[in-house]
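Naming convention: chains lettered A, B, ... in sequence-line order (proteins, then strands); numbering from 1 in each chain. In what follows, every heavy atom counts, from backbone to side chain, and hydrogens, waters and symmetry copies are set aside. All values derive from a computational prediction rather than experimental measurement.
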There are 2 protein chains.
Amino acid sequence: MSPRPLSDTLHKLMHAYRRLMLETIREQGIDLPITHIRVLKGICRIEECTAHHIASQMRRDRAQIARVVSELVKNGLIMKVTHPQDRRSQLLEPTEAGLQLRERLDQVEEAVTQRLTSPLTADEIEIFEKIAGRMTEQAALDPTHRPTEKEAG
Amino acid sequence: MSPRPLSDTLHKLMHAYRRLMLETIREQGIDLPITHIRVLKGICRIEECTAHHIASQMRRDRAQIARVVSELVKNGLIMKVTHPQDRRSQLLEPTEAGLQLRERLDQVEEAVTQRLTSPLTADEIEIFEKIAGRMTEQAALDPTHRPTEKEAG
DNA sequence: CGATATTAGTTGATAAAGTCATCTTATTTT
DNA sequence: AAAATAAGATGACTTTATCAACTAATATCG
């Protein structure tokens with residue numbers, strides 16, 4: 001088998017996953033788009049989190065993140081705190097409501113993941129994670145820095 | 001390891017892949033969005049292809065597909081031929097230009113796939129494909145039809 | 001046969017998501 | 001202090017997706 005059909009595989013998986021997440025989230029009565037949810041999760045996870053951190057970690061446009069962040073603030077899920085060392089910057093912190101929502105989201109994600117991975121063994125899941133992670137890393141590398149046989153190993 | 005981080009893994013991979021595909025396609029001077037490209041590919045692949053086939057195969061809204069199809073027609077990449085057995089329906093067929101573009105796209109996809117999978121062994125790629133495929137299938141199942149132990153096997 | 005339901009596809013309105021350029025304000029650099 | 005840089009915000013725009021309503025052709029069923 002050539003690696004050609006990877007494209008289709010990825011696309012289908014992507015959409016299947018998105019669709020399922022969104023469905024499940026909606027079923028739970030949570031009215032937030034997926035990107036917002038990921039940003040909230042990032043903010044909960046990252047210590048001393050700024051919009052910049054989120055943008056670069058999610059590899060997204062700053063404008064997009066700025067908008068998402070301001071909506072999360074409007075929804076009372078996070079707060080902006082002026083950065084003590086740099087007044088241009090703001091620390092993003094979850095509110096109590098944000099933390100609570102995150103717990104519910106974790107449960108949804110757990111459920112979706114359970115469902116998607118239900119036909120898989122624990123080993124397979126782990127393998128999948130690892131392989132996917134390596135592909136992502138690879139994609140992030142500077143393309144001008146073509147790995148040659150020496151480095152590609 | 002719990003299966004929890006699957007969500008992040010998938011998101012990152014999705015975006016990395018999309019980004020890389022788009023970059024590479026643009027570098028090649030091809031000015032088509034990814035969805036159009038996938039539709040074109042589908043039309044080239046499927047015998048007796050209709051918009052309906054594409055929509056259900058890609059699990060997309062018919063409206064979206066209709067629009068993409070009509071743009072592909074406008075670009076001279078495919079033709080609509082009235083279905084001989086059903087005048088509601090139209091067969092979608094690639095033009096010569098469409099076939100040529102597909103060849104170039106195959107090359108791009110090949111290159112992107114090469115790059116993404118370059119740190120992987122052939123075995124790993126195959127495993128990844130299989131696992132991803134199974135997850136997609138699983139996601140497509142009717143959620144009300146909860147597979148029990150008997151069926152899930 | 002003829003009323004009704006179904007299916008393929010189209011179109012308009014709208015939402016959602018992402019991108020680009022530009023602006024303000026604050027901090028570094030020199 | 002002037003210039004360069006960085007964080008973030010905002011307006012305008014593009015792309016992509018979704019919904020609902022519509023036309024036209026076919027299928028179904030009395």
Would you confirm whether [X], through its side chain, and [Y], through its main-chain N or O, come within 3.5 Å as a donor-acceptor pair?
X        : Y        : result
A:Thr95  : A:Gly76  : yes
A:Thr117 : A:Leu120 : no
A:Arg104 : A:Gln28  : yes
A:Gln64  : A:Asp61  : no
A:Arg102 : A:Cys44  : no

Could you state the atom-to-atom distance from [atom1] of [X] to [atom2] of [N] in whole Å?
X       : N      : atom1 : atom2 : result
A:Glu71 : D:dT10 : CD    : P     : 12 Å
A:Ile65 : D:dT10 : CD1   : C1'   : 15 Å
B:Leu32 : D:dT15 : CG    : C1'   : 13 Å
A:Arg59 : C:dA17 : CZ    : C1'   : 18 Å
B:Gln64 : C:dA16 : CD    : P     : 16 Å
A:Ile54 : D:dA7  : CD1   : P     : 14 Å
A:Arg38 : C:dA17 : CZ    : P     : 12 Å
A:Asp61 : D:dT15 : CG    : P     : 15 Å

Taking C:dT10, C:dA17, D:dG8 as options, the one with an atom nearest any side-chain atom of A:Ala51 is D:dG8
Considering only heavy side-chain atoms of A:Ser89, the closest of D:dT18, D:dG8, C:dA17 is D:dG8
For this session: Return yes if the base of D:dG11 and the side-chain atoms of A:Arg67 contain a donor-acceptor N/O pair under 3.5 Å, otherwise no.
Result: yes
Contact class for A:Ala63 (heavy atom, under 4.0 Å): base, sugar-phosphate, or nothing?
base
Base, sugar-phosphate, or nothing: which does B:Ser70 touch, judged by heavy atoms less than 4.0 Å apart? nothing
Per-nucleotide protein contact along nucleotides 23-30 of chain C, 5' to 3', at a 4.0 Å heavy-atom cut-off (B base, S sugar-phosphate only, - neither), is ---BS---
So CD1 of B:Ile78 and CD1 of B:Ile43: to nearest 0.5 Å the spacing works out to 3.5 Å
Strictly below 4.0 Å: does B:Lys80 bring a side-chain N or O up to OP1 or OP2 of C:dA8? no
(Q) Just N and O in the side chain of A:Thr35: are any of them under 4.0 Å from OP1 or OP2 of C:dG18? (A) yes
key: SB check A:Arg67 A:Glu71 (cutoff 4.0 Å)   = no
